[in-house]
Amino acid sequence: MWRFVLRTVLQRLLLLLLISIISHLVIHLAPGQPSEVDPMNPMMKAVDIARIRASFHLDDPFYLQYLHWMRDLVFGDLKSFRDGLPVLPKIWDRFLNSAPLFLLTTLIVWTASFPTGIHAALRRGSLYDRSTTLVAYTLISVPGFFLSYLLILFVVRTFHLPVIGQHTFGTEHAPLIVRFMDRIWHLAIPSIMAALTGIAVLSRYVRAQMLEVIDQDYVRTARAKGLDEDHVVYGHALRNALLPFVTMFGFLLPGLISGSVIFEQIFAWPGLGLLGYEAILARDFPMILTLNFMAAALTLFGILLSDILYAVVDPRIRLE
Amino acid sequence: MSGAEPQATPLLSIRGLRVDFATDAGSVPAVRGVDLDIGISETVALVGESGCGKSVTAMSVMRLLTGRISAGSIRFGNTELQSLSEPEMRRIRGAQIGMVFQEPMTSLNPVLTIGKQIEEVLTLHQRLTSSAARAHAVELLKRVGIPSAERRASQYPHELSGGMKQRVMIAMAISCRPKLLIADEPTTALDVTIQAQIMDLLGSLQQELGMAVLLITHDLGVVAHFAERVAVMYAGKIVEQGAVRDIFKRAAHPYTRALLAALPDPLRTAARLEAIPGRVPLPRMLPAGCAFCARCKHVFEPCPGVLPELFPIAPGHSAACFLHDPRRAPSNVPCQ
Ligand SMILES: Nc1ncnc2c1ncn2[C@@H]1O[C@H](COP(=O)(O)OP(=O)(O)O)[C@@H](O)[C@H]1O
Ligand SMILES: [Mg+2]
């Protein structure tokens with residue numbers, strides 16, 4: 001087990017290095033240079049552009065640019081092309097905004113999907129099953145931003161709450177309870193909206209998984225023992241149905257970085273997804289590359305976590 | 001043990017059992033009026049080709065069918081099982097009637113230790129504490145011939161061979177000393193050498209616990225050494241039943257005779273096996289009369305149109321074939 005972890009970690013570190021090199025290549029191949037963000041700006045003169053290019057080392061050979069980036073990342077003095085501010089504290093600030101949204105969304109998705117999917121599977125073909133299927137496919141097909149705008153309209157009209165941003169402008173000096181409730185509202189609406197599609201997809205998956213397991217021979221054995229239906233479903237069937245979801249858990253992690261650009265945009269939520277999106281528009285190479293690097297690291301770590309979790313929950317899996 | 005004659009008050013008494021499955025292609029009659037008695041401590045074999053309704057009959061007794069019992073009664077002792085509530089039925093399953101299935105590879109839960117899976121039955125029906133249940137589970141594993149039982153109890157099913165898994169299934173099924181053990185093709189999925197060991201184990205457990213056994217098999221060869229009585233099933237009906245020696249020495253139904261002729265005989269070196277021509281008719285396409293008539297050498301005029309009842313041959317021996325109907329049988333047809 002520990003040998004497996006050590007070996008995999010080393011392999012993954014190598015892979016991470018490779019990914020960072022490739023993403024450098026890709027970003028330099030992409031059309032558009034940081035110095036051309038604002039070509040129509042009459043204030044931009046050739047000398048200015050040359051100055052910018054020089055200060056960003058844009059005319060250095062590729063490997064030097066890569067090494068500069070790596071050095072600055074390791075020593076923590078990577079600076080944004082956009083405003084010259086350090087990249088890492090900026091990411092950290094946005095991370096603190098993204099994390100609650102991400103956690104709440106994930107929590108909603110997982111706690112809503114499992115009961116829904118399990119009940120639909122146990123009552124296959126029932127009215128409940130068919131109506132949840134209909135709702136799920138509707139949610140999957142209707143774009144999230146459309147529903148979000150409807151919900152914003154509804155909440156603003158019914159509760160007179162502007163649910164854009166992280167809190168209502170002008171409530172900074174309101175009593176604690178008011179600020180707290182305001183914060184909850186601002187957090188809850190985007191989380192629910194971001195969760196809806198997740199619930200629709202995951203509950204379908206849970207249902208399929210449960211249906212697959214409920215007809216297995218060992219479930220029949222459990223019934224033949226005289227166990228009641230709850231023991232059969234939750235003690236025997238569900239345990240097996242859950243196995244693939246343990247793997248999925250690890251794959252959630254990168255979502256922390258990419259966030260949901262669409263929902264952060266709609267709700268003006270200053271999260272990591274939006275940060276990355278703005279960085280791409282501004283061709284802010286250090287920011288893009290660092291976010292990309294972190295997403296890759298989280299992905300690789302997530303896969304490792306999945307492998308380990310899988311071996312913990314499924315006795316048939318041995319980590320070698 | 002009572003021999004050929006069913007006892008006065010049988011342990012299990014199935015009467016007129018009919019089971020239909022609703023499918024997209026219409027209703028499928030899987031079991032079409034089965035009568036079967038099993039006495040206390042008696043071993044009865046239910047024999048027939050694959051698909052003839054053996055498992056469905058067994059699952060009807062356990063009330064674990066996905067289909068519907070459309071008619072008939074199933075009495076266990078003095079209780080009509082079909083009139084029991086679901087909680088009452090659960091107190092019978094696993095406690096009074098144990099069941100062993102055909103597929104040991106998939107019948108155990110892969111994520112639970114085998115000890116845990118046996119303990120579960122004991123804590124459920126015998127209200128044992130978990131440490132007492134563990135001790136008892138280890139005893140049971142020893143009894144069914146699993147070496148180093150303590151260690152095995154904390155292993156998972158994938159760490160055991162197929163034969164070992166079937167032993168675990170048997171340990172689980174007998175853990176509450178049931179009055180009836182239903183073994184649905186317990187050796188079909190196993191190697192030939194393992195098959196004999198499992199049958200020996202079932203035989204010795206039957207003796208030791210004095211339980212009745214319903215052995216379901218498609219292999220008449222297994223039956224001879226094990227069962228006292230045999231019921232031969234074809235297309236959802238019992239076509240012949242009797243004591244083992246009656247069936248082997250004086251088989252009366254052409255289907256039973258065909259099954260016996262298809263059996264490899266260790267004494268005949270030039271083993272020429274006679275396969276039964278034709279196939280089992282699909283449950284949806286059964287003739288109005290005898291379901292075997294399309295494959296039978298002796299068909300005569302009543303066979304396709306009239307359903308034969310079980311005609312007595314000897315005490316405890318009967319066959320559903322017009323050859324044995326004293327009113328209809330043509331005199332020129334040999335009985336054997
Ligand atoms: N769940 C089911 N749905 C539809 N038909 C079924 C189902 N289970 C069994 N059958 C049908 O019932 C008949 C008897 O099956 P079964 O009792 O399993 O045969 P066997 O004698 O091999 O155990 C078969 O023709 C099968 O197609
Ligand atoms: Mg069967």
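First the proteins, then the strands, lettered A, B, ... as listed; each starts at 1.
Atom CZ of Arg7(A) has more than 12 heavy atoms from other residues, nucleotides or ligands within 6.0 Å. Heavy-atom neighbours of Arg183(A) CZ from other residues, nucleotides or ligands within 6.0 Å: above the threshold of 12. By the 6.0 Å contact criterion, NE2 on His231(A) is open, its count of non-hydrogen atoms from other residues, nucleotides or ligands being 12 or less. More than 12 heavy atoms of other residues, nucleotides or ligands shown are found within 6.0 angstrom of CG on Leu238(A). The number of heavy atoms from other shown groups lying within 6.0 Å of CZ (Phe21(B)) is above 12.
Atoms NZ and CZ, from Lys225(A) and Arg90(B) in turn, are 14.5 Å apart once rounded to the nearest 0.5 Å.
For the set Leu227(A), Asp314(A), Val313(A), the entry with the most heavy-atom pairs within less than 4.5 Å of chain B is Leu227(A). Counting heavy-atom pairs under 4.5 Å between each of His125(B), Arg91(B), Met99(B), Glu103(B) and chain A puts His125(B) at the top. With chain A as partner, the option from Ile92(B), Leu124(B), Ile182(B) having the largest number of non-hydrogen pairs under 4.5 angstrom is Leu124(B).
In this structure the side chain of Met62(B) never reaches within 4.5 angstrom of the side chain of Arg223(A), judged on heavy atoms.
Of all residues spanning residues 106-122 of chain B, those with a heavy atom less than 4.5 Å away from chain A's heavy atoms are Thr106(B), Ser107(B), Leu108(B), Asn109(B), Pro110(B), Val111(B), Leu112(B), Gln117(B), Glu120(B), Val121(B), arranged by number. Residues from residues 141-158 of chain B that place a non-hydrogen atom less than 4.5 Å from a non-hydrogen atom of chain A comprise Tyr156(B), His158(B), given in numerical order. Contacts with chain B (heavy atom to heavy atom, under 4.5 Å) involve these residues of residues 195-218 of chain A, listed by number: Asp217(A), Tyr218(A). Scanning residues 109-141 of chain A against chain B with a 4.5 Å non-hydrogen threshold yields no residues.
Of the atoms belonging to Met105(B), not a single heavy atom falls under 4.5 Å from chain A. Contacts between Met89(B) and chain A at a heavy-atom distance below 4.5 Å are absent for every atom of the residue.
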